[in-house]
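Take a look at the structure below.
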Amino acid sequence: MTTTAFFRGRFVPIDEAKISVRTHAFNYGTACFGGIRAYWNDEEEQLYVFRIRDHYARFLRSARLLLMNLPYSVDDLARITVELLQREGFREDTYVRPLAYKADEIIGVRLHNLKDEFTVFAQPFGRYLEKEEGANVCVSSWRRVDDNAIPARGKVVGAYVNSALAKTEAQLNGFDEAIVLTDDGHVSEGSAENLFMVKGGHLVTPPVTDNILEGITRATVIELATRELGIPVVERSIDRSELYTADELFFCGTGVQIAAIVSVDRRAVGSGQIGPFASRLRDLFFNVVRGRVPQYRSWCTPIYPKTAENTKQAEKMPAAP
Ligand code: PMP
């Protein structure tokens, strides 16, 4: 259970972290956010935050798009988050939600000459998508927000109405998730996750210029696929009809982690079951995020002080691939 938030420059009980209905961000969606996971490692009795600095670097880029001036660096934000998690003391997988928002209590839509605030809270978190091993998805009738409307590379609060429209349409029609196309009809991403396609032994994913969020998990998948699994990755636009003929498709993102797509618009993808590539990648991914692969340990920030006992336990673990 969440007990604490960092709010208006200090740690407060979560019930005190409240904003007015007059807040600019509440009225106009003028806020940006992040979504970061921390993974519990049972052998080491340690909580590891995954790629915290990369998440906060993107967070500050989103803030910049909204003309925000936050008094915090990436290191400051990471330190605040580590302290928040130490105070919470979670011993399970956790989700961290930082937000930067236009805090003035005024009427008038704009970005400039407004006060910016930062807040962050955390909560225990399991799966975001129930069917991570096999999601049935549709192509949404909603199009992805365009860079010249609301830039998708910024994690802008107001823009998530676009995601919500797509997700709800998909679920009300009996699907687990939606794939959203760009205005010119190319595959962009899921409602809150990036997309990869396996075709002819290659991994293909839309480029950052196809109105995607530049996902940290996407970058992780690209690195693990090329370096650890020896699979070439191509960043290029994907046509809708390629979804129907792909060998494998999967989503990736902080929430969804790595989730296999087993059908699109009721057409089976490949064998209609999680494919060999998504399967191998998922196994490797979960070892990496829990701090079990030494060469990727620098992506994992430990929250609790190391004890002699948990270090000994970790050393007994078999080496990860
Ligand atoms: N696309 C969208 C629209 C998202 O909301 C997310 C989740 N942050 C992602 C992709 C995946 O990004 P990441 O891997 O950085 O969580």
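As the structure lists them, so they are numbered: ligands from 1, and atoms in each ligand from 1.
- Transitive grouping of hydrophobic side chains (ILVMFWY, heavy atoms separated by less than 4.5 Å) keeps Phe50 and Tyr56 in distinct clusters.
- Considering only non-hydrogen protein atoms, atom 16 (O) of ligand 1 sits nearest to Thr254 OG1, 2.5 Å.
- Between Cys252 and ligand 1, no N or O atom pair is found at a separation short of 3.5 Å.
- No part of Ala152 comes within 4.0 Å of ligand 1, judged by heavy-atom distances.
- Both cation-pi conditions hold for Arg267 and Tyr244: the charged atom is under 6.0 angstrom from the six-membered ring centre and inside a 45 degree cone around its axis.
- Residue-ligand proximity, Tyr160 to ligand 1, at heavy-atom distances under 4.0 Å covers atoms 2 (C), 3 (C), 4 (C), 5 (O).
- Interface of Ile216 with ligand 1, defined as ligand atoms under 4.0 Å from a residue heavy atom, comprises 13 (P), 14 (O), 15 (O).
- Between Ser163 and ligand 1, no N or O atom pair is found at a separation short of 3.5 Å.
- Comparing Lys155, Glu214, Glu189 by heavy-atom distance to atom 10 (C) of ligand 1, the nearest is Glu189.
- When ring centroids are compared, Phe33 and Tyr160 come within the 6.0 Å threshold.
- A heavy-atom distance below 4.5 Å is not found between the side chains of Phe121 and Thr4.
- Note on Arg282 versus Glu133: salt bridge recorded, some NZ/NE/NH1/NH2 to OD/OE distance being below 4.0 Å.
- Of all protein heavy atoms, the one closest to atom 12 (O) of ligand 1 is Gly215 CA, 3.5 Å.
- Hydrophobic clustering (side-chain heavy atoms under 4.5 Å, transitive across Ile, Leu, Val, Met, Phe, Trp, Tyr) keeps Leu99 apart from Val156.
- Of all atoms in ligand 1, listed by their number and element, those nearer than 4.0 Å to a heavy atom of Ser191 are 3 (C).
- Selection from Arg144, Gln257, Arg37 by nearest heavy atom to atom 3 (C) of ligand 1 gives Arg144.
- A heavy-atom distance below 4.5 Å is found between the side chains of Cys32 and Met68.
- No continuous path of hydrophobic side-chain contacts links Leu60 to Val208 [ILVMFWY only; heavy atoms under 4.5 Å].
- Between the choices Gly34, Ser188, Ala192, the shortest heavy-atom distance to atom 6 (C) of ligand 1 belongs to Ala192.
- The cationic atom of Arg266 (NZ for Lys, CZ for Arg) lies less than 6.0 Å from the six-membered ring centre of Phe175 and within 45° of the ring axis.
- Taking distance alone, with nitrogen or oxygen atoms compared against 3.5 Å, Arg58 approaches ligand 1 more closely than that limit.
- Distance from atom 14 (O) of ligand 1 to its nearest protein heavy atom, with residue and atom name: Thr217 OG1, 2.5 Å.
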